[in-house]
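Worksheet: one structure, shown below.
Everything numeric in this text was worked out from a predicted model, so none of it was measured. Basis for what follows: all heavy atoms, side chains included, without hydrogens, waters or symmetry-related copies.
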Amino acid sequence: MRDGGRLAAAIAVLAEVEGRGRPVRLALKAWGEGARYAGAADRAFVSGLVLDALRRRRSLCWRMGDESPRAQAVAALAFAWDWPPARIEAAAEAPHGPGPLTDEERVRIVSPVTLDSADPPVRGDYPDWLEPMMARAFGEERIAEGEALAARAPVDLRVNTLKADPERVARALAPFQPAPSAVLPNALRMAPPAAHQRAAAVEATPAFEKGWFEVQDLGSQVAAACAGEVARLQVLDFCAGGGGKTLALAAAMGNTGQLWAHDTDARRLAEVVRRARRAGVRNLQILDPRQAEALAPLRSRIDVVFVDAPCTGSGAWRRHPDAKWRLTPAQLERRKGEQDAVLAAAADCVKPGGRLVYVTCSIFAEENEDRISAFLARFPHFAPAIIGGAAESFGQGLEALRLTPRSAGTDGFFIAALRRAR
């Protein structure tokens, strides 16, 4: 495929996402299945352009004076990929392209307007209805925080210390040029790929197959490390999901003590079993959520209950940019109810003197500080506690920690620790 066909394909995918509300991952998959002629480079180009257009949709459309999928794609080439106007013009009018640029489009990319007079949601690339929440969380920094959430994300790795060490993994992945993290000793980072290139295929390496490392955002690794010292303890990952943080906790435990994995979706737990086997985890037990009393034996017995609560996922907008445009007030309210319910259920498993660690990948206080306050009002035998482990890299004596791409170079995360008094 040439530039014209690639541009037209990106516009078609964006139309599918916007017109039908389809998740971008599924829209790209559907396009790929119908475009058997497209090679790996073509797919990387179309995917990269679509994702970059969605990351900065508000500001790109504002600059074009047009919110159509075509405007988004053309603006992404001009303002995200820095293509010169002549190249964009050639791609648009080429065979299989979307058609020549209009006079208005040509003016917009040849003599671009600045964003100086635009409102904060436009400059920060987020929906208008989120403005009060962004202002509450970040104040005058909300535009800069929004811009950071609209950037491309690096590729982070967590070295699995049950099987390897950072030096060994770095040598095995030398062609990908991983660099050590200044935050965690067992984290490695690779720069984001170029806009039109695929991400590094580290999961196709022998080192990955051997279980030496996992692909995991640094913020997610920090959240797991904030559980503190967990070796030889009873630990419950209450919302295990696909098992990323479960495996991080297992490595920190060094196959000592007992690690339990629970989730409301039994299908997701099947993935935990597979990944744990590859990682060499031997102290993990899976709780079957289909059994009504699966958690009953753990009531008031667990030293550390780790709650990676369901949330809006706003902290991961760099990786899932369509999510911020599909988020609704009703979804937020539903998540808040789920978070309250999960915290209440998880609290039942914490033993006296034990800790409850609450985590979301959300940037909003409504899902974070507000949920902790509501929990403490209902459960007075819990109190805020100092976060352990990796939190010390961000300050001493913290009871809660907020990570963002701008402040920490990670996805957005919130971590809080609570201790049960009796």
Side-chain angles (χ1 to χ4, degrees), residues 17 22-28 47-48 50-58 124-127 130 133-134 137-138 142 144-158 181 183 187 189-193 199 203 214-226 239-248 263 265 268 271 306-328 331-332 334-336 338-339 342 358-368 371 401-416:
V17 171
R22 199 171 193 180
V24 66
R25 178 180 59 83
L26 297 180
L28 285 166
S47 176
V50 166
L51 292 174
D52 280 343
L54 289 170
R55 288 185 178 103
R56 298 170 55 180
R57 191 175 87 175
R58 287 299 304 277
D125 277 298
Y126 52 85
L130 294 178
M133 295 163 58
M134 292 290 290
F138 303 116
R142 63 190 182 280
E145 293 284 355
E147 290 173 339
L149 280 162
R152 296 171 72 89
V155 178
D156 293 325
L157 311 177
R158 180 184 59 78
S181 162
V183 177
R189 168 165 287 184
M190 296 175 292
E203 291 175 299
E214 295 286 338
V215 178
Q216 185 176 19
D217 176 73
L218 181 60
S220 178
Q221 296 182 51
V222 169
C226 283
C239 303
K245 296 181 185 69
T246 309
L247 298 185
D263 198 274
D265 189 341
R268 302 180 72 186
E271 180 71 3
F306 189 89
V307 178
D308 184 10
C311 68
T312 58
S314 52
W317 281 346
R318 297 186 301 175
R319 304 177 194 278
H320 309 290
D322 58 320
K324 64 180 167 182
W325 311 118
R326 290 190 289 111
L327 181 62
T328 66
Q331 289 172 337
L332 173 62
R334 189 159 54 248
R335 287 288 180 255
K336 288 161 57 177
E338 292 169 349
Q339 289 151 5
V342 163
Y358 177 73
V359 175
T360 74
C361 57
S362 170
I363 57 175
F364 301 131
E366 287 77 4
E367 297 184 88
N368 298 325
R371 305 281 54 81
L401 174 64
R402 186 192 304 276
L403 307 174
T404 68
R406 180 169 180 259
S407 66
T410 70
D411 283 355
F413 276 91
F414 175 83
I415 305 108

Problem set entry | Sidechain N-carboxylate O distance under 4.0 Å for D411, R318 |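 Salt bridge present between D411 and R318.
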
Problem set entry | Side-chain ion pair, R335 and E338, N-O less than 4.0 Å | yes

Is there a donor-acceptor pair under 3.5 Å between the side chain of [X] and the backbone N or O of [Y]?
X    : Y    : value
E145 : P405 : no
Q221 : Q216 : yes
S362 : T312 : no
R142 : A137 : no
D263 : G241 : yes
K324 : A150 : no
Q331 : T328 : yes

For this session: Count the heavy atoms belonging to other residues, nucleotides or ligands that lie under 6.0 Å from CZ of R326, then report whether that count exceeds 12.
Result: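 For R326, atom CZ is crowded (more than 12 foreign heavy atoms under 6.0 Å).
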
Problem set entry | Flag for Q339-T360: side-chain donor and acceptor within less than 3.5 Å | no

Taking the side chain as every heavy atom from C-beta outward, state whether [X] and [Y] have any atom pair closer than 4.5 Å.
X    : Y    : answer
D322 : V50  : no
V24  : H320 : no
I363 : M134 : yes
V307 : V359 : no
R152 : D52  : yes

Shortest non-hydrogen contact between [X] and [Y], atoms and distance:
X    : Y    : value
R319 : D217 : NH2-OD1, 2.8 Å
L218 : D156 : N-OD2, 2.8 Å
P154 : M190 : CB-O, 3.3 Å
A223 : F413 : CB-CD2, 4.4 Å
R371 : E366 : NH1-O, 2.7 Å
T246 : A240 : OG1-CB, 3.5 Å

Exercise. Rounded to the nearest 0.5 Å, what separation is found between the OH atom of Y126 and the CH2 atom of W325?
Worked result: 10.0 Å

Exercise. What's the spacing between W317 CH2 and T404 OG1 if we round to 0.5 Å?
Worked result: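 So the CH2 of W317 and the OG1 of T404 are separated by 12.0 Å.
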
Problem set entry | Test side-chain contact (heavy atoms from CB on, under 4.5 Å) applied to F414 and Y358, step by step | CA-CA 8 Å; F414 175 83; Y358 177 73; 4.1 Å; yes

